Amino acid sequence: MKIYNTLTRAKEEFKPLEDGKVKMYACGITVSGEAHIGHGYQALIYDIMRKFLEKQGYAVTYARNYTDVDDKIIAKSRETGIPADKYAADMIENIDRIMARFDVDEPTVWLKATENIGNIIDFIEKLIASGHAYPADNGDVYFDVTSFRRYGCLSNRSVEDMLDGVRVENGEQKRNPADFALWKAAKEGEISWKSPWGEGRPGWHIECSAMNRAAFGEQIDIHGGGRDLIFPHHENEIAQTESLTGKQFARFWTHNGLIKVNGQKMSKSLNNSLLLNDLLDKYSNEAVKFALLQTNYRNDINITDGIFDEAEKHMTGFYTVIKKVEGEFGKAACSADSGSGGNPEIDSRFNAVMSDDFNTALALSDLFGIFKNISRKTAAGDKTAADDVRQVRATYSLLGLFKKDAAEYLAETAARRGGEIPERVKELAAARWNAKAARNWAEADALRAEIDALGYAVKDSKDGYTITEK
RNA sequence: GGCGUCAUAGCCAAGCGGUAAGGCAAGGGUCUGCAAAACCCUGACUCCCCGGUUCAAAUCCGGGUGGCGCCUCCA
């Protein structure tokens, strides 16, 4: 099993700290707004990593967090008049619902910043005691970046480099502009907790360090997140935790690429987010997953016209084949949980490509050949086609694919696509069918043109016709 | 300015030193009254540019160019 490690900028053979066990943590969402496609993507990727490691025989503990207190949440609270804690709790519920719709499994452990205030304060106190952090007169507490020799090791920066671009906000009392806040004193009317430094709230970076320590102890195997978190968030996590423990925090740092729209990253400040929920109104969750997993997780994905349409087309095609196989050899024979058998080649090939830094792109491209083969076998009456389908379902469910009943999937996508066909179009189509039956081709073609002009297409089959919106 | 990352056919994309996977679109064919669907066939003398290493480079090294990301919040 090879995994790309951002720390070393290389693929490395994965070996956990403790034989057979994996501790992994992925930075979750700051719940100041609805889940966008990038959040869904990140949740999907780490769920897949977890599941594949489990498939390799590891007992995986996978923790994810919700950052449920921060500046943007406080701002939203002010805007809406809803108390910050209520706003965050509602948003978490909303995001959980959307993730369930996307069909990504829950982590082993959910962590929330506001449920770990005690752990955070304890962590900060220890950092102050060991000289790595200092309280300022205004009630803030900062981490002293110069106290951690390796600061910058993940993002490859030196403290001197950082002084260039750093911004100092009004009211901050840092010794060094690159220092970052562990604790922020409460301003008027802000949600806050009691601390040795007065009323306030935790900084973003310390939350993840403290929650990791609470959930796992001093060291973990894999720490992941979006690539935009490398600096400063993950850099700061390393500084905090390693300053406290003197040990390497995470063995592997993994970072997924970002989802871009029109060549630009989706971000809160640009306000160009594509909401997951909206996407799921238009496409099945499996189509969305297929589209996202066609690119390796470390690359960015630029959302272009048609990537989801194309993916939906593929999933529909695959399910159409499955339905045919079911019709031919029986539904039970194609079901993932119908006992042994299957096609071990499909599974071992999948394992081989996924073992190379989770190469989902190759795993998906195999599907085209697999289904071509299944079609061929089915046409030839070879009932091992059903074994292949069963194997595809069993193997590829790890990527969140082929989990649905074929007929249901097809009906659902057809319904989503089709919408309501206007009466006028239906009449024209019926008239055309009659003209066709009378072998009046000119009339039939004229009617087709009329239907076409209304934005619909008629497709004939042996015993009838279907109307689709173009 | 610093750091990082990417650059492969019209488009998406794999590839990580051994002579360019896969998909979409396009073209041709079979089938069809015509279409659609399905099936079959066709595509990069070459991997942004220039040097270098090597028997061998899209893949390694050096130098350019361009895109994107981070250095404010961000998955």
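Proteins get letters first, then strands, A, B, ... in listed order; numbering begins at 1 in each. Since we're looking at a predicted model, the values are computed, not measured.
In the set rA75(B), rG22(B), rC70(B), the nucleotide with an atom closest to the side chain of Phe368(A) is rG22(B). With rA36(B), rA75(B), rC40(B) as the choices, the nucleotide that has an atom nearest any side-chain atom of Lys372(A) turns out to be rC40(B). Here the side chain of Arg157(A) is nearest to one of rG33(B), rC3(B), rA75(B), namely rC3(B). Distance from the side chain of His314(A) is smallest to rC24(B) among rC71(B), rC24(B), rA75(B). Taking only side-chain atoms of Arg9(A), from C-beta outward, the nucleotide of rG4(B), rG33(B), rG23(B) with the closest atom is rG4(B).
Atom CD of Glu312(A) and atom P of rC24(B) are 15 Å apart (whole Å).
For Lys265(A) against rC74(B), a side-chain-to-base donor-acceptor contact under 3.5 Å is present. A donor and an acceptor atom never sit less than 3.5 Å apart when one is taken from the side chain of Lys260(A) and the other from the base of rC68(B).
A salt bridge is defined here as a Lys NZ or Arg NE, NH1 or NH2 lying under 4.0 Å from an Asp or Glu carboxylate O, and Lys174(A) with Asp140(A) fails to meet this definition.
For the OP1/OP2 pair of rA25(B) and a distance below 4.0 Å, the side-chain nitrogens and oxygens of Lys313(A) include at least one atom meeting the criterion. Put simply, Asn156(A) has a side-chain N or O that comes within less than 4.0 Å of OP1 or OP2 on rG4(B). Checking the phosphate oxygens (OP1, OP2) of rA75(B), a side-chain nitrogen or oxygen of Thr30(A) falls inside 4.0 Å.
Counting any heavy atom pair closer than 4.0 Å across all strands shown, Arg376(A) reaches sugar-phosphate atoms only and no base atom. In this structure, Ile259(A) reaches the bases: a heavy-atom distance under 4.0 Å links it to at least one base atom across the strands shown. Among the atoms of the strands shown, none is found under 4.0 Å from any heavy atom of His255(A). Base contact: Arg432(A) has a heavy atom under 4.0 Å from a base atom. Within the nucleic acid shown, Lys436(A) comes within 4.0 Å of at least one base atom, counting heavy atoms only. Here Gly38(A) lies in heavy-atom contact (under 4.0 Å) with a base. Gly224(A) comes within 4.0 angstrom of nothing in the nucleic acid, heavy atoms only. Residue Gly263(A) is classed as a sugar-phosphate contact, given heavy-atom separations below 4.0 Å to backbone atoms only.
Partners of Thr254(A) under the side chain to side chain donor-acceptor pair (under 3.5 Å) rule, at least two apart in sequence or in another chain, are Tyr46(A). For the side chain to side chain donor-acceptor pair (under 3.5 Å) test, no residue two or more places apart in sequence or in another chain qualifies with Tyr396(A).
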Produce the list of close N/O pairs, under 3.5 Å, pairing protein atoms with atoms of nucleotides 11-14 of chain B; give distances to one decimal.
from, atom 1, to, atom 2, distance (Å)
rA14(B), OP1, Asn296(A), N, 3.2
rA14(B), OP1, Asn299(A), OD1, 3.2
rA14(B), O3', Asn359(A), ND2, 3.3

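At least one cation-pi condition fails for Arg432(A) and Tyr465(A): the charged atom is not both under 6.0 angstrom from the six-membered ring centre and inside a 45 degree cone around its axis.
Across rG27(B) and rA35(B), the matching P atoms stand 13 Å from one another, rounded to whole Å.
Each salt bridge (charged side-chain N to carboxylate O under 4.0 Å, His left out) pair with one or both residues in residues 313-328 of chain A, not counting sequence neighbours, appears once here: Glu326(A)-Arg393(A). Pairs of residues two or more places apart, or lying in two chains, that qualify as salt bridge (charged side-chain N to carboxylate O under 4.0 Å, His left out) and include a residue from residues 361-377 of chain A are Arg349(A)-Asp366(A), Lys377(A)-Asp388(A).
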List, one per line, each side-chain donor-acceptor pair under 3.5 Å for residues 89-100 of chain A, sequence neighbours excluded.
from, atom 1, to, atom 2, distance (Å)
Asp90(A), OD1, Lys86(A), NZ, 3.2
Asp90(A), OD2, Lys86(A), NZ, 2.8
Asp96(A), OD1, Tyr66(A), OH, 2.6

